[in-house]
There are 2 protein chains.
Amino acid sequence: MSKAEVTRSDILRRGLELIYKQGYQSTSIDDILATTKVTKGAFYYHFRNKEEMGVALISEAMQDEIWPHIEKSLSAGSDFRDNIYEMINGLLFEHPFMTVEHGCPAVNLIQEMAPLSEAFRTALIKSLNKWKRAIEAEIIRGQQAGQLGMAHDAKQIALNVITLYHGVRNMGKLLGKTYYTSFLNEFRRYLDTLE
Amino acid sequence: MSKAEVTRSDILRRGLELIYKQGYQSTSIDDILATTKVTKGAFYYHFRNKEEMGVALISEAMQDEIWPHIEKSLSAGSDFRDNIYEMINGLLFEHPFMTVEHGCPAVNLIQEMAPLSEAFRTALIKSLNKWKRAIEAEIIRGQQAGQLGMAHDAKQIALNVITLYHGVRNMGKLLGKTYYTSFLNEFRRYLDTLE
DNA sequence: ACATAAACATACTGATTAGTATGTCGCAAA
DNA sequence: TTTGCGACATACTAATCAGTATGTTTATGT
């Protein structure tokens, strides 16, 4: 990794951290510069403007942060139900980056930026679809392994799971970690109703 | 309604509109003033600061906007399932204030401000609890009318419904109105699994 | 070792921000 | 009619913002 690449990724990582906690629009470039050794000249060498940095942050830093966990949990065991449950459980409770109070950076950015920027929307949809396809594939694997009837629509279930995740991340901001726990019980029940 | 009360409510209504579309932190007081006949002096006569206005906006303007619809739909028919379904359906499709791209102001504000302001959090929790209790009451009514087994936890179901609503409001920002429709199918199915 | 471009560094700009200071106007009670 | 206060109006400040202009350093191929 060259020195320039390190600088770039420093910007993205610190940017992700701050934007996760404060929101995109309320995080200034100066905020990022003040907490890194990066200067304004370096920033604008690597990115044309703030939006370009935001988009890069979604498709690079955010993906790097979350994706390994998703991939790992979705291929952990043989039961697709267990895998999907553990994926959500892990995201909620075990991920070192995310907290209950600040939720999930992807969910936050969709909320804040999807209506305001085409570029953000595109990057976020790409990210969402990647996740959706991964869940879908795991459900289909479950179907082929006889764990779930073929009549079920894998696409629809995948979207349900993601919708629930979005919901619980938002509710958690008001109700705290205890709600994560009771949600997970309900989520397990939901998975078990799929037969 | 006195002239002063009109001024105050003008600020709150216009504030809600702008904050709904741009977010709280990215909506400036000058934004509000520029699109009303209110001046800065009037603003700071009615509110100590921006945060106080934001909190008032949640417990007044936002409630006024959404609550009538909720109350109405929850007492529309005799089947609690139909009522809850219509509540969500109406919020998603029939509410004149809200759009798919901007979602729901309450959901948005929870996402943005719950982690950042105790005062916002308090106002939002109050608002959430009011809704939760209303749904809960409707479920219990359904139980007493024999539409649903007593074994079900009304509180839990109410929270599920709200969580799903939060989720679909967020997903809608990426997937558009068509997702609302397919979500509603799933939601109906969920309600019907409650026996 | 040297040329050249990549990778920064510094200082600035004009716009926008929340909030303040200080004034004014109209109406209600005395 | 005057006095006083509720309800504004105007002009300002200091801070912060994204972005730019113009430099300097550092690496790299030859």
Side-chain angles (χ1 to χ4, degrees), chain A residues 1-58 60-61 109 112-113 115-120 123, chain B residues 1-58 60-61 109 112-113 115-120 123:
Chain A
M1 210 172 179
S2 75
K3 199 156 169 287
E5 284 172 324
V6 170
T7 301
R8 187 188 143 93
S9 102
D10 278 354
I11 295 171
L12 292 180
R13 290 160 62 99
R14 190 83 189 114
L16 176 61
E17 221 177 298
L18 289 175
I19 287 169
Y20 170 56
K21 290 181 185 160
Q22 308 177 347
Y24 170 78
Q25 296 179 99
S26 303
T27 299
S28 71
I29 292 167
D30 286 333
D31 278 346
I32 298 173
L33 303 181
T35 53
T36 52
K37 270 166 252 152
V38 181
T39 65
K40 193 151 274 196
F43 183 95
Y44 280 96
Y45 174 78
H46 286 283
F47 306 100
R48 263 210 303 274
N49 50 38
K50 194 187 173 188
E51 188 184 51
E52 192 177 290
M53 186 269 287
V55 169
L57 178 153
I58 290 169
E60 299 175 34
L109 279 170
E112 181 185 6
M113 295 309 294
L116 302 181
S117 158
E118 170 74 34
F120 270 81
Chain B
M1 213 169 174
S2 74
K3 197 155 170 286
E5 283 171 324
V6 170
T7 302
R8 187 187 143 92
S9 102
D10 278 354
I11 295 170
L12 292 181
R13 290 159 61 100
R14 191 83 188 113
L16 177 61
E17 219 177 299
L18 289 175
I19 287 169
Y20 170 57
K21 290 182 185 158
Q22 308 177 346
Y24 170 79
Q25 296 179 99
S26 302
T27 299
S28 71
I29 292 167
D30 285 334
D31 279 345
I32 298 173
L33 303 181
T35 52
T36 53
K37 271 166 249 149
V38 181
T39 63
K40 193 150 274 198
F43 183 95
Y44 280 97
Y45 173 78
H46 287 284
F47 305 101
R48 265 210 305 274
N49 50 40
K50 193 186 175 188
E51 188 185 49
E52 194 178 288
M53 186 269 287
V55 169
L57 180 152
I58 290 168
E60 299 175 35
L109 279 169
E112 180 185 7
M113 294 309 295
L116 301 181
S117 158
E118 170 75 34
F120 270 81

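Keep in mind that what you see is a predicted model, and the values were worked out from it rather than measured. Within every chain, numbering begins at 1; the chains are lettered A, B, ... in the order of the sequence lines, protein sequences first and strands thereafter.
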Undergrad: Report all side-chain donor-acceptor pairs from residues 39-47 of chain B shorter than 3.5 Å, counting only partners two or more places apart or in another chain.
TA:
residue, atom, partner, partner atom, Å
B/K40, NZ, B/D30, OD1, 3.0

Undergrad: With rounding to the nearest 0.5 angstrom, report the OG1 to CG distance, B/T7 to B/L12.
TA: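 Atom-to-atom, B/T7:OG1 and B/L12:CG are 11.0 Å apart.
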
Undergrad: As a test of understanding, state which of A/L16, A/D10, A/L18 forms a side-chain contact (heavy atoms from CB on, under 4.5 Å) with A/R14.
TA: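 Answer to the side-chain contact (heavy atoms from CB on, under 4.5 Å) test with A/R14 among A/L16, A/D10, A/L18: A/L18.
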
Undergrad: Excluding sequence neighbours, so at least two apart, what forms salt bridge (Lys or Arg N to Asp or Glu O under 4.0 Å) with B/E5?
TA: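 B/E5 satisfies salt bridge (Lys or Arg N to Asp or Glu O under 4.0 Å) with no residue once adjacent residues are dropped.
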
Undergrad: Take B/E60 and B/R13 through the test salt bridge (charged side-chain N to carboxylate O under 4.0 Å, His left out) and record every step on the way to the result.
TA: CA-CA 9 Å; B/E60 299 175 35; B/R13 290 159 61 100; over 6 Å; no

Undergrad: Examine C/dC8: is either OP1 or OP2 under 4.0 Å from a nitrogen or oxygen in the side chain of A/H46? Give yes or no.
TA: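 The answer is yes; a side-chain N or O of A/H46 sits under 4.0 Å from OP1 or OP2.
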
Undergrad: Between C/dT16 atom P and B/Q22 atom CD, what is the distance in whole Å?
TA: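 One finds 13 Å between P of C/dT16 and CD of B/Q22, rounded.
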
Undergrad: Counting only side-chain N and O atoms of B/Y45, is one of them less than 4.0 Å from OP1 or OP2 of D/dA7?
TA: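 For D/dA7, OP1 or OP2 has a side-chain N or O of B/Y45 closer than 4.0 Å.
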
Undergrad: Quick check on contacts: within residues 5-19 of chain B, what sits under 4.0 Å from DNA chain C by heavy-atom distance?
TA: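 Heavy-atom cutoff 4.0 Å gives no residues at all.
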
Undergrad: Excluding sequence neighbours, so at least two apart, what forms salt bridge (Lys or Arg N to Asp or Glu O under 4.0 Å) with B/E51?
TA: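 So B/E51 forms no salt bridge (Lys or Arg N to Asp or Glu O under 4.0 Å) with any residue.
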
Undergrad: With sequence neighbours left out, write down each residue that passes ring-ring contact (aromatic ring centres under 6.0 Å, His included) with A/Y20, or none if nothing qualifies.
TA: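 Residues passing ring-ring contact (aromatic ring centres under 6.0 Å, His included) with A/Y20: A/F97, A/H102.
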
Undergrad: Using a 4.0 Å heavy-atom cut-off to protein, can you give one letter per nucleotide of nucleotides 13-30 of chain D, 5' to 3': B if the base is in contact, S if only the sugar-phosphate is, - if neither?
TA: ----SBBB----------

Undergrad: In whole angstrom, give the distance that lies between atom CD1 of B/I32 and atom P of C/dT17.
TA: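 Nearest whole value for this atom pair: 11 Å.
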
Undergrad: Testing the basics here: between B/I19 and B/T27, what is the closest heavy-atom pair and its distance to 0.1 Å?
TA: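 Nearest heavy atoms, B/I19 then B/T27: CA-OG1, 3.6 Å.
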
